[in-house]
Enquirer: 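The structure under discussion is supplied below as C-alpha cells; questions concerning it will follow.
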2 protein chains.
Amino acid sequence: MSAAPAPRRYRGRSIAERQAERRAALIEAAVAVYGDVGYRNASVKAICEAAGLTERYFYESFEASDDLLAAAYREVTRRLHDEMGAAKRAAEARGQNGVKAALKMYYTRLREHPEAARVFLVEIGGVSPRVDAVVAEAIANSVALIAPAVRRRGAHELVAAGIVGGVIQIALDWIASGYARKVDEVVDAALRLCAAGER
Amino acid sequence: MSAAPAPRRYRGRSIAERQAERRAALIEAAVAVYGDVGYRNASVKAICEAAGLTERYFYESFEASDDLLAAAYREVTRRLHDEMGAAKRAAEARGQNGVKAALKMYYTRLREHPEAARVFLVEIGGVSPRVDAVVAEAIANSVALIAPAVRRRGAHELVAAGIVGGVIQIALDWIASGYARKVDEVVDAALRLCAAGER
DNA sequence: GAAAACTGACAATGCCGATTGTCACATCTT
DNA sequence: AAGATGTGACAATCGGCATTGTCAGTTTTC
C-alpha cells in the first residue's frame, strides 16, 4: 500500500500535462514533416527535431512510426469533421444548404493545406494494418453519416460509400490539376454527386 | 559501322525474347508476391525467387523496386480495361446496358483477386512519384472515358472524377465487408452513382 | 544549497534489404 | 569437342534508420 508517487511539477506542469504537450507537439511536427518530405521519408529523428524534442520522447508517446501517423490522421480528421459540422449547423440556422456548406469547408481546408491533403488522402494507403484500420474507421464514419439520407431516397447503402469516395476523388483530381477550378465549382460537382439516386 | 552483334539464340529464343519473358515473369511474380505479403514487404529477392530468376535479372528489366510496381499496375489495369471494354461491346451488341456489363466485369474480377485488389487500390498510394504518376494517368484515362457522357448531361467534368472515385470506393467498402453483398447489388449501387447529375 | 527527478544532446548498437560481384555449370556455335 | 556466351546460386558490400543507452546540465523539492 502507500506509494505516494509524488506528483512533482516541472515548469509549472504536471507529469501528465508535460506528456500530453510532448505528444501534441510530436503530432503537430509530424503533420509538418510529412507534408514536407512525405510520410515514407519522414524519419523519427526529423520529426523529433521539428518538435524540439529528443528521440527518447517519441517512444514515450508512440510505439512506432505508424502509430504516430495514425494519431496524426485521427487528429486532423477530427478537426476537419468538427469544422464541417459547425459549418453545416451554421448554414442551416441561416436557412441555407447545410451539406453544401460542409462540402465547401472541406474543399477550402484541403486547398489551404495541399501537403497535408496529399499525405492523408494518398500516402496513407497501405502503410500498415494499424493505419489502414484507422482510415477505414474514419471513412466508415463518414459513410454512416450520410447513409440514412441515402436510404431515405431508396438507394442502397453502398451508394453512400460511393458518394464519400467520389467526394474524395474530386478533391484528388482538383489537387492534381493544381487547383485549377474555383472552390464553388468543385462544391457544385460534389453536390451533384450527392444527388445520386434521387429520382 | 559493321558490328554484327551475333543474334545468338538460347533455348530457342532470341535475346529480346528471353528478356521479354523474364520481364513478364517478374511482373507475374510481383503480382503474386505483392498479394501475399503486400508491396512494402515484398523484397526484390522474394519476387525473383517466385519468378524463378536471380536478382541480377531484376536490374536488367527494372531500375528499382517501384519501377516494377508501376509496370505491374500498368499490366493489370490494361487487362482489366480490355475485359471491361469487351464486356461493354458484347452487351451492347445484345441490346443490353453496356455500362452495367462493364461494371459487372470490374467487380467480378476484383472479387476473384482480393489480394491484388488490395495492392493496386490501396497500397499503391504514395509509394513514389513515379508510381503516383502511373496511377494518376490510369485514373485520368478512366475519367476521360466517361467525361463526355457526363458533359452531355450538363454536369461538370469533375463529376466524372467523382463517379470514378465512387466506383472505386464502393469496391473498397465491399472488399472491407468481406464481400458481404452479391455482385449484382454492388453493380446496381455503382450504376446509381453513375446516374449522378441526371435530371 | 543539496539531493532527486527531468531533460536534451549524442553515441552505440542492431537489423534489414538493395545492389554489385564472383564463380561453377548449362547451352549454344562452329 | 572446344570455345564462347548465358545463366543461376550465392557471398560481400553498403547505407539507412529505428531503437536503446549514456551523461552532463537544469529545474524542483525540502
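The chains referred to below are lettered A, B, ... by the order of the sequence lines, with proteins before strands, and numbering in each begins at 1. Small disclaimer: the values here were computed from a predicted structure and weren't measured.
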Enquirer: Rounded to whole Å, how long is the line connecting atom OH of B:Y59 with atom P of D:dC14?
Expert: 16 Å
Enquirer: Starting at CD of A:E49 and ending at C1' of D:dC17, how long is that distance when rounded to a whole Å?
Expert: 13 Å
Enquirer: Rounded off to whole Å, could you give me the CG-to-P distance for the B:L26 and D:dG8 pair?
Expert: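 It is 11 Å, rounded to the nearest whole Å.
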Enquirer: Between B:D188 and B:R192, does at least one N-O distance fall below 4.0 Å, as a salt bridge requires?
Expert: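 Looking at B:R192 together with B:D188, the answer is no, because their closest N to O distance does not fall below 4.0 Å.
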Enquirer: Is the closest basic N to carboxylate O distance between A:E75 and A:R79 below 4.0 Å?
Expert: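 Yes, this pair counts.
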Enquirer: Check the distance between D:dC17's C1' and A:I47's CD1 and give it to me in whole angstrom.
Expert: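 After rounding, the reported distance stands at 12 Å.
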Enquirer: Do A:R109 and A:E112 sit within salt-bridge range, that is, some charged N less than 4.0 Å from a carboxylate O?
Expert: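 A salt bridge is present here (some side-chain N lies under 4.0 Å from a carboxylate O).
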Enquirer: When every nucleotide of nucleotides 5-17 of chain C is labelled 5' to 3' by its protein contacts under 4.0 Å (heavy atoms), B for base, S for sugar-phosphate only, - for none, what sequence of letters results?
Expert: BBBBBB-------
Enquirer: Can you tell me how far C1' of D:dT5 sits from CZ of B:R13, to the nearest Å?
Expert: 18 Å
Enquirer: Nearest-Å distance, CD (B:E63) to C1' (C:dA18)?
Expert: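 About 14 Å, once rounded to whole Å.
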Enquirer: What is the minimum heavy-atom distance between A:W174 and A:Y107, and which atoms define it?
Expert: CZ3-O, 3.3 Å
Enquirer: For a quick test of your reading: what N or O donor-acceptor pairs under 3.5 Å do the side chains of residues 52-65 of chain B make, sequence neighbours left out?
Expert:
{"unit_1": "B:E60", "atom_1": "OE1", "unit_2": "B:R22", "atom_2": "NE", "d": "3.1"}
{"unit_1": "B:E60", "atom_1": "OE2", "unit_2": "B:R22", "atom_2": "NH2", "d": "2.8"}
{"unit_1": "B:E63", "atom_1": "OE1", "unit_2": "B:R130", "atom_2": "NH2", "d": "2.5"}

Enquirer: Could you state the atom-to-atom distance from CG of A:D67 to P of D:dT19 in whole Å?
Expert: 11 Å
Enquirer: Please determine whether a side-chain nitrogen of the Lys or Arg among B:R89 and B:E92 lies less than 4.0 Å from a carboxylate oxygen of the Asp or Glu.
Expert: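 Salt bridge absent between B:R89 and B:E92.
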Enquirer: What is the distance, rounded to the nearest whole Å, between atom OH of B:Y39 and atom C1' of C:dA18?
Expert: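 The answer, rounded to whole Å, is 12 Å.
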